[in-house]
Colleague: 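The structure under discussion is supplied below as structure tokens; questions concerning it will follow.
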Amino acid sequence: MGYKFSIIDNESGKVLGFCKEVSGLQNEFPKRDDECWSTLILYDFKLMEEFNDAPKICLSNFDINFISRNGTILGGYYFTTNKKMNIKRMESLQDAQIEITGYFGEDPLPFAYEVWEKLRDNPNELGQWVSCTLEEKRAWLQVLRLRSREFHTLRDKEQVITIDGELIQDRETFYIALGEAVNGPFGYYGACLNGFEDCLCGDFGLVPPFTLEWINFHKSFEAELIDHAEFIFFLHKILSGNGVKVVYR
């Protein structure tokens with residue numbers, strides 16, 4: 001089919017249709033503070049067959065989801081229109097372009113689109129984030145948070161999770177590296193201290209007690225160690241307070 005996106009009605013959960021591309025997700029130039037609305041263009045929108053007999057469908061609050069190459073939903077963004085739109089069946093023909101104005105529940109970050117594409121192309125490859133800039137890492141974290149996934153809780157008390165301090169030069173990298181260590185490529189295990197502590201409570205693949213092995217710890221945050229001293233203090237407090245043994249090597 002070649003469709004890369006699904007449009008799902010947020011209230012009913014029904015898939016309304018598919019499209020091959022969406023303009024407006026590639027947020028290379030974030031909106032200014034005085035700009036409220038975003039504009040999306042759905043290219044080659046294809047309506048689901050169950051709606052073919054309807055003269056029109058209402059588009060108001062919906063999710064724009066990236067689709068993997070095998071047809072599963074990867075995750076995406078919530079969008080609400082500034083006014084209800086009625087899409088007629090004839091508008092869902094090949095080469096149709098549907099323009100929608102409204103706002104995101106969370107604006108796509110610059111480079112996030114590229115991360116979603118990496119998830120589509122190489123979902124099982126480790127370490128694709130290693131050479132990313134700080135802005136790209138922030139996009140990675142957004143994608144990891146918004147990615148659809150199923151977790152299988154691990155309760156092995158001997159579980160050891162290893163991260164490499166040589167790669168961890170900022171908070172963003174810590175969360176990306178930890179998520180990958182716990183849940184594999186494009187894995188998520190928190191994107192801030194509060195989110196990380198929530199993950200330790202369960203439902204994110206691993207629950208304490210377990211061991212966090214932090215190799216090359218002395219090289220972590222090497223360029224700005226003093227600036228990260230408070231972060232490391234609260235991180236260690238959360239770990240020890242939730243039954244995680246930390247081994248520094």
Side-chain angles (χ1 to χ4, degrees), residues 74-75 109 111-112 114-116 118-249:
L74 296 175
L109 289 176
F111 303 107
E114 287 78 4
V115 180
W116 286 110
K118 289 179 183 293
L119 179 57
R120 292 184 76 245
D121 293 336
N122 301 296
N124 300 314
E125 183 179 331
L126 293 165
Q128 297 183 60
W129 47 270
V130 170
S131 61
C132 287
T133 65
L134 181 58
E135 193 172 25
E136 290 170 336
K137 291 173 189 173
R138 289 170 179 161
W140 269 90
L141 277 180
Q142 182 183 70
V143 171
L144 299 187
R145 282 193 300 102
L146 299 177
R147 180 190 173 192
S148 300
R149 64 180 71 76
E150 291 185 5
F151 293 102
H152 302 284
T153 301
L154 305 174
R155 296 185 180 278
D156 184 357
K157 294 183 179 181
E158 303 302 319
Q159 183 77 32
V160 178
I161 302 301
T162 302
I163 56 177
D164 188 349
E166 192 166 7
L167 300 176
I168 299 173
Q169 298 302 309
D170 45 63
R171 301 182 192 190
E172 288 79 3
T173 311
F174 168 79
Y175 293 118
I176 296 171
L178 182 65
E180 185 170 274
V182 173
N183 288 310
F186 295 92
Y188 174 78
Y189 206 71
C192 64
L193 286 175
N194 288 337
F196 171 58
E197 191 164 21
D198 287 343
C199 290
L200 291 172
C201 294
D203 298 327
F204 288 90
L206 182 65
V207 292
F210 62 87
T211 298
L212 176 63
E213 182 184 48
W214 197 326
I215 64 175
N216 294 317
F217 175 75
H218 63 289
K219 294 185 178 181
S220 304
F221 312 111
E222 202 166 20
E224 301 174 327
L225 181 59
I226 295 179
D227 294 339
H228 289 86
E230 184 178 25
F231 169 73
I232 296 172
F233 171 79
F234 283 110
L235 175 63
H236 185 80
K237 186 176 180 180
I238 290 172
L239 289 166
S240 59
N242 285 275
V244 179
K245 179 182 177 181
V246 185
V247 177
Y248 301 105
R249 299 193 188 283

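Everything quoted here is computed from the prediction, not taken from an experiment.
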Colleague: Is a side-chain donor or acceptor of Asn216 paired with a backbone partner of Asp164 at a separation under 3.5 angstrom?
Modeller: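 No, because the side chain of Asn216 does not come within donor-acceptor range (under 3.5 Å) of the backbone of Asp164.
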
Colleague: Hey, does the side chain of Glu180 reach the backbone of Gly127 with a donor-acceptor pair shorter than 3.5 angstrom?
Modeller: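 It does hold such a pair.
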
Colleague: Which pair of non-hydrogen atoms, one from Arg120 and one from Leu74, has the smallest distance, and what is that distance?
Modeller: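 It is CG-CD1, 3.4 Å.
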
Colleague: Do you know the tightest heavy-atom contact between Phe204 and Val182?
Modeller: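 So the minimum-distance heavy-atom pair works out to O-CG1, 4.4 Å.
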
Colleague: Looking at side-chain heavy atoms only, is the closest gap between Phe186 and Lys118 below 4.5 Å?
Modeller: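 With C-beta onward as the side chain, the pair touches.
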
Colleague: Of Arg138, Lys137, Glu172, Glu114, which is the lone residue that meets side-chain contact (heavy atoms from CB on, under 4.5 Å) with Cys132?
Modeller: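 Passing option: Lys137.
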
Colleague: Supply the atom-to-atom distance Phe231 CZ to Phe174 CZ, rounded to the nearest 0.5 angstrom.
Modeller: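 Result: 5.0 Å between the selected atoms.
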
Colleague: For Gln159 versus Phe210, what's the shortest heavy-atom pair and its separation?
Modeller: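 Looking at all heavy atoms of both residues, the shortest contact is O-CB, 3.5 Å.
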
Colleague: Kindly give the heavy-atom pair with the smallest separation between Ile176 and Trp140, and that separation in Å.
Modeller: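 What the structure gives for the nearest pair is CD1-CB, 3.7 Å.
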
Colleague: Rounded at 0.5 Å granularity, tell me how far CG in Asn122 sits from CD in Gln128.
Modeller: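 Rounded to the nearest 0.5 Å, the CG-CD separation comes to 5.0 Å.
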
Colleague: When you measure from the side chain of Gln169 to the backbone of Glu222, do you find a donor-acceptor pair of N or O atoms at a distance under 3.5 Å?
Modeller: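 Checked: pair present.
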
Colleague: Do Ile168 and Phe217 touch side chain to side chain, with heavy atoms closer than 4.5 Å?
Modeller: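 In short, these two side chains do not touch, never coming nearer than 4.5 Å.
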
Colleague: Between Ala191 and Leu141, which heavy-atom pair has the shortest distance, and what is it?
Modeller: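 Heavy atoms only, the tightest pair is CB-CD2, 4.1 Å.
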
Colleague: Tell me whether Phe234 at atom CZ has more than 12 heavy atoms from other residues, nucleotides or ligands lying less than 6.0 Å away.
Modeller: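 No - once you tally the heavy atoms of other residues, nucleotides and ligands closer than 6.0 Å, there are 12 at most.
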
Colleague: With respect to Val247, which candidate in Val160, Thr211, Thr162 satisfies the side-chain contact (heavy atoms from CB on, under 4.5 Å) definition?
Modeller: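 Exactly one option meets the side-chain contact (heavy atoms from CB on, under 4.5 Å) with Val247, and it is Thr211.
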
Colleague: Rounded to the nearest 0.5 Å, how far does CD1 of Ile238 lie from CG of Leu200?
Modeller: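 Those atoms lie 7.5 Å apart.
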
Colleague: Could you check whether any side-chain heavy atom of Leu239 comes within less than 4.5 Å of a side-chain heavy atom of Phe196, counting everything from C-beta outward?
Modeller: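 Contact flag for Leu239/Phe196 side chains = yes.
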
Colleague: Once side chain to side chain donor-acceptor pair (under 3.5 Å) is applied, do any residues pair with Gln142, and if so which ones, sequence neighbours excluded?
Modeller: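 Testing Gln142 for side chain to side chain donor-acceptor pair (under 3.5 Å), a comparison that skips the adjacent residues, returns Tyr77, Glu106.
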
Colleague: Within a strict 4.5 Å, meaning less than it, do heavy atoms of the Tyr248 and Leu212 side chains meet?
Modeller: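 No, too far: nothing below the 4.5 Å cut-off.
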
Colleague: What is the distance from atom CG of Leu235 to atom CH2 of Trp214, rounded to the nearest 0.5 Å?
Modeller: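 Answer for the CG-CH2 pair, Leu235 versus Trp214, is 5.5 Å.
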
Colleague: Specify the closest pair of heavy atoms between Pro208 and Val244, including all atoms of both residues, with the distance to one decimal.
Modeller: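 In terms of heavy atoms, the two residues are closest at CG-CG2, 3.9 Å.
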
Colleague: Answer yes or no: is there a side-chain heavy-atom contact under 4.5 Å between Tyr188 and Cys199?
Modeller: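 In contact.
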
Colleague: Do Tyr189 side-chain atoms and Leu206 backbone N/O form a donor-acceptor pair below 3.5 Å?
Modeller: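 Yes: the side chain of Tyr189 pairs with the backbone of Leu206.
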
